[in-house]
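Input: a single structure, listed below in structure tokens.
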Amino acid sequence: MLMEVIKTTIDGVLLVKPKIFGDARGYFVETWQEQRYEECGIDLLFVQDNHSKSSKGILRGLHFQKNHPQGKLVMVSYGEVFDVAVDIRENSPTFGKWYGAILNQENQNQLWIPPGMAHGFVVLSDVAHFHYKCTDYYHPNDEGSIRWNDPDLGIEWPIDFEPLLSDKDSKAPWFKDFRKELFK
């Protein structure tokens, strides 16, 4: 078995725990193999790969695309982050719920975040290299965001400091305002 796939508390969000082959020389881990991932339900075509490097305390998100929702398969190759998916699919039984996981270089875990989710992460280590495969292209004019610390979502970020945010993220709307816009 090259990976364990765990269903989370959010419909469609999967935690993928790959098998790590290691010895004194280092390690090897398979991070993507189309047939294997297809068998566990991750069967959308990926069209873009991204890599970001961030320092401790950086929080990115909660981001989504309105008309071009992206599915994302995310992982950390160096460092550690707390990664979060929020279900913003209007008719989903888990609408407004969140799931978070620690992703780091030791566990090599991945999180599959299907289209229709808001996504974000905070860096817990000095530096983190964050990788993600996307099922749709980035459309800057289609991007939306929700406030990371929204009390209606109640995300339990494992931090005891004020994170560093982009200007866009610090001005993101509250979830209740997102809902008003969604249900017009």
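Everything quoted here is computed from the prediction, not taken from an experiment.
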Separation between [atom1] of [X] and [atom2] of [Y], rounded to the nearest 0.5 Å:
X	Y	atom1	atom2	value
K56	F161	NZ	CZ	6.0 Å
Y138	N50	OH	CG	10.0 Å
F64	D142	CZ	CG	9.0 Å
D169	L62	CG	CG	8.0 Å
L73	L44	CG	CG	11.0 Å
R147	F178	CZ	CZ	15.0 Å

Co-membership, hydrophobic cluster, residues [X] and [Y], 4.5 Å side-chain:
X	Y	value
V13	I6	yes
L59	L103	no
V5	L15	no
V84	F95	yes
W98	L165	yes

[Y] side chain reached by [X] side chain, heavy atoms, under 4.5 Å:
X	Y	answer
Y99	K97	no
V16	I42	yes
F46	Q48	no
K168	E143	yes
R89	I10	yes

Nearest heavy-atom neighbours spanning [X] and [Y]:
X	Y	result
S92	D87	OG-OD2, 2.5 Å
P69	D136	O-CB, 3.9 Å
N104	E106	OD1-N, 3.0 Å
K66	G144	CE-CA, 4.0 Å

ask   = So, the side chain of N107 versus the backbone of I102: is there a donor-acceptor pair under 3.5 Å, distance only?
value =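 Flag set: sc N107 to bb I102 pair under 3.5 Å.
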message = Please check this pair: side chain of Q70 against backbone of Q65, looking for a donor-acceptor N/O pair closer than 3.5 Å.
response =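 Between the backbone of Q65 and the side chain of Q70 there is no qualifying donor-acceptor contact (under 3.5 Å).
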key: side-chain hydrogen bond (donor to acceptor under 3.5 Å, both in side chains) pairs, two or more places apart, involving residues 3-17   =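 Listed by first then second residue: nothing to list.
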Within residues 120-135 or reaching into it, pairs that qualify as side-chain hydrogen bond (donor to acceptor under 3.5 Å, both in side chains) - sequence neighbours excluded =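 Of all non-adjacent pairs touching residues 120-135, those that pass side-chain hydrogen bond (donor to acceptor under 3.5 Å, both in side chains) are D49-K133, H51-H129, S77-H131.
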Show the atom names and distances, to 0.1 Å, of all donor-acceptor pairs under 3.5 Å that link a side chain in residues 148-159 to residues at least two apart or in another chain.
from: D150; atom 1: OD1; to: D152; atom 2: N; distance (Å): 2.7
from: D150; atom 1: OD2; to: F175; atom 2: N; distance (Å): 2.5
from: W157; atom 1: NE1; to: W148; atom 2: O; distance (Å): 2.9

request  = For E38, check salt bridge (Lys or Arg N to Asp or Glu O under 4.0 Å) against everything at least two apart and list the hits.
outcome  =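 None.
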ask   = NZ of K171: more than 12 outside heavy atoms within 6.0 angstrom?
value =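 It does not: K171 NZ has 12 such atoms or fewer within range.
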query = Do K19 and F21 meet the cation-pi criteria used here (NZ or CZ under 6.0 Å from the six-membered ring centre, within 45° of the axis)?
reply =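 So K19 does make the cation-pi contact.
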N/O donor-acceptor pairs under 3.5 Å from side chains in residues 108-124, not counting sequence neighbours:
from: Q108; atom 1: NE2; to: Y27; atom 2: OH; distance (Å): 3.3
from: Q108; atom 1: NE2; to: Q105; atom 2: O; distance (Å): 2.9
from: Q110; atom 1: OE1; to: Y37; atom 2: OH; distance (Å): 2.5
from: Q110; atom 1: NE2; to: T31; atom 2: O; distance (Å): 2.9
from: H119; atom 1: NE2; to: D83; atom 2: OD1; distance (Å): 2.8
from: H119; atom 1: NE2; to: D83; atom 2: OD2; distance (Å): 3.2

inquiry  = Holding to side-chain hydrogen bond (donor to acceptor under 3.5 Å, both in side chains), I want the full list of residues that pass it with D160, two or more places apart in sequence or in another chain.
reply    =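 Once residues adjacent in sequence are excluded, D160 has no partner under the side-chain hydrogen bond (donor to acceptor under 3.5 Å, both in side chains) criterion.
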